Amino acid sequence: MAVLDLYNTLTKRIEEFKPNEDRKVRMYTCGPTVYHFAHIGNLRSYIMEDVLEKYLIYLGYDVTRVMNITDVGHLTSDADTGEDKMLKGAKREHKTVMEIAEFYKKAFFDDCARLNIKIPGIVEPATNCIPGFIHMIEALLDKGYAYEAGGNVYFDTSKLKNYYVLSSQNEEELQVGVRDDVEEDINKKNKTDFVLWFTKSKFDEQELKWESPWGAGYPGWHIECSCISIKHLGEYLDIHCGGVDNIFPHHTNEIAQSEAYLGHKWCNYWFHVQHLNNQSGKMSKSKGGFLTIPLLEEKGYNPLVYRMFCLQSHYRKPLLFSFDVLDNVKTAYEKLLNKIESLGSGGTLMEQEIEEYKEQFNSAMGSDLNTSQALTVLYDVLKSGLNDASKRYLIEDFDKVLSLGLLEGNTSSKEISKELAVLAEKLIEERNQARKNKDFARADAIREELAAKGIEIKDTREGTVWSLAR
RNA sequence: GGCGACUUAGCCAAGUGGUAAGGCAUGGGACUGCAACUCCCUGAGCAACGGUUCAAAUCCGUUAGUCGCCUCCA
């Protein structure tokens with residue numbers, strides 16, 4: 001099995017990945033909060049996490065991956081005043097919070113499907129796990145890691161030896177309420193303490209409430225990930241993923257809760273994806289420039305162009321989004337598909353050479369998921385002296401991880417009705433006859449007629465070929 | 001203010017001690033009725049300064065810039 005080196009936020013260095021159990025990987029991903037459309041910045045994380053999972057599978061690991069869906073905790077608490085248009089719109093339509101959650105959950109999975117993101121094997125909405133949260137909070141209270149104050153239950157971060165394992169923050173220098181819309185909670189014993197269970201909050205209109213030993217209320221923002229992970233993946237987690245903005249406090253708090261609850265180290269590798277930025281910084285709903293996959297499609301971009309845009313960069317580098325760059329990638333993607341499409345299927349597999357290119361691919365992916373380098377290996381294969389069958393084989397193999405739909409661009413007659421195919425052949429013949437007779441007006445008219453039916457033609461040296469327009 | 005990441009050609013980007021991969025764009029050319037496609041040719045000395053070394057984009061230090069986090073955030 002090839003070696004996979006990964007940067008680990010916990011140790012701040014690149015380490016060889018070794019799971020707790022041989023050939024098995026237990027992986028957890030912080031899922032979306034489904035009260036908004038995901039923007040393409042959010043989706044960068046999910047794309048790179050998808051690449052990680054697929055590469056682990058490619059290496060032969062048996063991967064169990066869990067993702068939560070945050071559908072409770074702050075559904076009506078968006079403090080960014082006036083920015084939550086989607087929710088407001090939904091409210092205007094008299095939808096319930098659960099209906100909104102359903103709607104955006106579906107939208108998220110639609111986006112994933114368009115980006116060839118594999119849905120994790122286990123997807124768990126937080127609202128499915130309320131008894132589990134309550135159980136865990138009770139255990140934390142019993143062990144003395146939590147306390148009740150002002151009607152809420154808080155985690156006591158001062159009870160931990162090293163609360164800051166992940167983020168190396170400095171207690172004295174931490175500022176409370178850096179953002180103006182955050183108010184200091186006077187119930188907390190320590191400024192880093194966080195809520196495990198709310199019965200009282202500034203958001204009186206909270207729609208979803210559950211009975212608990214501390215009164216009717218709802219869970220805090222961090223408990224769900226710890227609890228859902230332990231529920232499905234047990235006490236020892238191999239990889240935990242998320243965006244860099246989750247390092248502190250979300251993941252720091254997850255570690256605090258989980259390890260306090262379990263009494264031992266919980267997760268060995270922390271995988272964090274950097275942000276997608278635009279001119280004004282991190283792409284976010286409150287700053288405008290909120291781009292979604294459906295919007296890109298409307299503008300004529302195949303979502304996989306965006307996937308390639310992400311793969312061309314490295315997951316630990318901030319990536320600046322612009323349409324200029326996306327256009328570059330679009331051209332590159334189309335050229336790539338054209339080249340692949342023009343491959344025949346001749347020859348027998350050249351096994352030795354194939355192994356060499358696979359090694360190059362593994363060497364790239366194994367170096368902290370160097371997807372940009374992996375794409376270069378793909379280009380190298382196309383330029384190589386391998387026969388077409390071998391090239392196809394390798395492209396198909398790499399695409400198990402890259403998932404760029406590299407071989408789907410090939411026109412296969414099964415997607416096209418027979419009649420259309422016959423018609424196309426007939427018109428092309430007619431057009432070529434017209435070209436021979438220098439009747440170019442007629443030839444161009446036929447080309448347009450075919451284009452109207454969604455068929456593109458190219459006059460190559462070997463003759464006219466046609467394909468479905470992409 | 002603290003913590004963290006990043007800084008290579010017009011743009012994206014590889015590179016982990018021996019004198020800079022690849023992609024897109026640009027310009028030139030071949031092909032072509034035109035278009036598209038395809039093919040060939042075309043560029044930087046690595047943020048700055050200092051240090052270690054026979055040798056540094058690569059190691060160390062300092063500075064600068066960009067971005068993120070510091071209880072909604074991927």
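Naming: A, B, ... by sequence-line order, numbering from 1 per chain. Everything numeric in this text was worked out from a predicted model, so none of it was measured.
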Return the nucleotide paired to B/rG45: Watson-Crick means purine N1 to pyrimidine N3 with N6-O4 or O6-N4, wobble means G-U with N1-O2 and O6-N3, both under 3.5 Å. none

P gap between B/rA5 and B/rC24, integer Å: 33 Å

Could you work out the separation of B/rC46 and B/rG10 based on their P atoms and round it to a whole Å? 13 Å

Please pick, from B/rG10, B/rC6, B/rA13, the nucleotide with the shortest atom-to-atom distance to any side-chain atom of A/N328. B/rG10

Rounded C1' spacing from B/rG22 to B/rC70 in Å: 39 Å

Since syn is defined as within 90° of 0, does B/rG15 count as syn or as anti? anti

From the options B/rC70, B/rA25, B/rU7, select the nucleotide whose nearest atom is closest to the side chain of A/K317. B/rU7

Can you tell me how far C1' in B/rC12 sits from the matching atom in B/rG17, rounded to whole Å? 27 Å

Under 4.0 Å, heavy atoms only, any strand: does A/F309 hit a base, just the sugar-phosphate, or nothing? nothing

Watson-Crick or G-U wobble mate for B/rA36, both contacts under 3.5 Å: none

When both hydrogen-bonding distances must be under 3.5 Å and the geometry is Watson-Crick or G-U wobble, what is B/rC67 paired with, if anything? B/rG4

Classify the side chain of A/D444 versus the base of B/rG33 as yes if they form a donor-acceptor pair under 3.5 Å and no if they do not. yes

Would you say a side-chain N or O of A/K383 is under 4.0 Å from OP1 or OP2 of B/rA21? no

Using a cut-off of 4.0 Å on non-hydrogen atoms, how would the nucleic acid contact of A/H250 be classed: base, sugar-phosphate, or nothing? nothing

Return the 5'-most residue of the pair A/N370, A/N253 with respect to RNA chain B, ranking by each residue's nearest nucleotide. A/N370

Parallel, tilted or perpendicular: which describes the rings of A/H36 and A/Y104, with under 30° parallel and over 60° perpendicular? tilted

Gap in Å between the two C1' atoms, one belonging to B/rA25 and one to B/rC11, rounded: 7 Å

Without decimals, in angstroms, what is the distance between A/L375 CG and B/rG15 P? 13 Å

Applying a 4.0 Å non-hydrogen cut-off, can you work out what A/D324 is touching in the nucleic acid: base, sugar-phosphate, or nothing? nothing

Output yes when at least one side-chain N/O atom of A/K330 is less than 4.0 Å from OP1 or OP2 of B/rG23, else no. no

Please work out which of the three classes, parallel, tilted or perpendicular, describes the rings of A/Y46 and A/F108, given edges at 30° and 60°. perpendicular

Same-atom distance (C1') from B/rA13 to B/rC73, integer angstrom: 28 Å

Distance (rounded to the nearest 0.5 Å) between A/Q257 CD and A/F133 CZ: 10.0 Å

Atom CZ of A/R44 to atom P of B/rA5: distance rounded to whole Å? 16 Å

Would you call A/D459-A/R431 a salt bridge at under 4.0 Å N-O? yes

Only residue of A/Y147, A/W221, A/Y163, A/F194 satisfying ring pair (Phe, Tyr, Trp, His ring centres under 6.0 Å) with A/F155 is A/F194

Check the angle between the aromatic planes of A/W197 and A/W214 and answer parallel, tilted or perpendicular using the 30° and 60° thresholds. tilted

How are the rings of A/F103 and A/F37 set to each other: parallel, tilted or perpendicular (split at 30° and 60°)? perpendicular

NA contact type, A/L276, heavy-atom cut-off 4.0 Å: base, sugar-phosphate, or nothing? base

Atom-pair distance (OH on A/Y333; P on B/rG22), nearest Å: 23 Å

Assign A/R316 to base, sugar-phosphate, or nothing according to its heavy-atom contacts below 4.0 angstrom with the strands shown. sugar-phosphate

Nucleotide of B/rC70, B/rG68, B/rA14 approaching A/Q373 most closely (side-chain heavy atoms): B/rA14

Please give the nucleotide sitting opposite B/rG10 as a Watson-Crick or G-U wobble pair, both distances under 3.5 Å, or none. B/rC24

Nearest-0.5 Å distance that lies between atom CG in A/L378 and atom CD in A/Q360: 11.5 Å

Just checking A/G242: base, sugar-phosphate only, or nothing, at a heavy-atom cut-off of under 4.0 Å? sugar-phosphate

Under 30°, 30 to 60°, or over 60°: which ring-plane class applies to A/F321 and A/F309, parallel, tilted or perpendicular? tilted

Heavy-atom donor-acceptor pair, A/D459 side-chain to B/rC34 base, under 3.5 Å: yes

Quantified in whole Å, what is the C1' atom distance between nucleotide B/rG15 and nucleotide B/rU7? 15 Å

Which comes earlier along RNA chain B counting from the 5' end, the contact point of A/V329 or that of A/L320, where each point is its nearest nucleotide? A/L320

What nucleotide, of B/rA25, B/rG68, B/rC70, holds the atom closest to the side chain of A/P249? B/rC70

Passing option when A/H272 is tested against A/T9, A/N246, A/D245 for side chain to side chain donor-acceptor pair (under 3.5 Å): A/T9

Round to a whole Å and report the spacing from CD of A/Q312 to C1' of B/rC12. 5 Å

Whole-Å distance separating the CG atom of A/N432 from the P atom of B/rU32: 15 Å

Just name whichever nucleotide pairs with B/rC59, Watson-Crick or G-U, keeping both distances under 3.5 Å, else none. B/rG51

Answer yes or no: side-chain N or O of A/T376 and base N or O of B/rA21 forming a donor-acceptor pair under 3.5 Å. yes

When we call it a touch if two heavy atoms are under 4.0 Å apart, what does A/Y379 touch: a base, just sugar-phosphate, or nothing? sugar-phosphate

Just to be sure I understand the rule, does A/V273 reach a base, reach only the sugar-phosphate, or reach nothing, if contact means heavy atoms closer than 4.0 Å? nothing

B/rU32 C1' sits how many Å from A/K438 NZ, rounded? 11 Å

Check the phosphate of B/rA5 against A/K12, side-chain N and O only, distance under 4.0 Å to OP1 or OP2. Yes or no? no

Whole angstrom value for the distance that separates P of B/rA14 from CG of A/D368: 11 Å

Proximal nucleotide (of B/rA14, B/rC67, B/rA25) relative to the A/T331 side chain: B/rA25

A/K436 near the nucleic acid: base, sugar-phosphate alone, or nothing, with a heavy-atom cut-off under 4.0 Å? nothing

Categorize A/R431 for me: base, sugar-phosphate, or nothing, with a 4.0 angstrom heavy-atom threshold over every strand shown. base

Taking atom C1' in both B/rU58 and B/rG23, what distance in whole Å separates the two? 23 Å

Within the structure shown, what part of the strands sits under 4.0 Å from A/Y7 by heavy-atom distance: base, sugar-phosphate, or nothing? sugar-phosphate

Looking at every strand, decide which applies to A/D439 at a 4.0 Å heavy-atom threshold: base, sugar-phosphate, or nothing. nothing

When the distance from CG of A/L326 to P of B/rG23 is rounded to whole Å, what number comes out? 20 Å

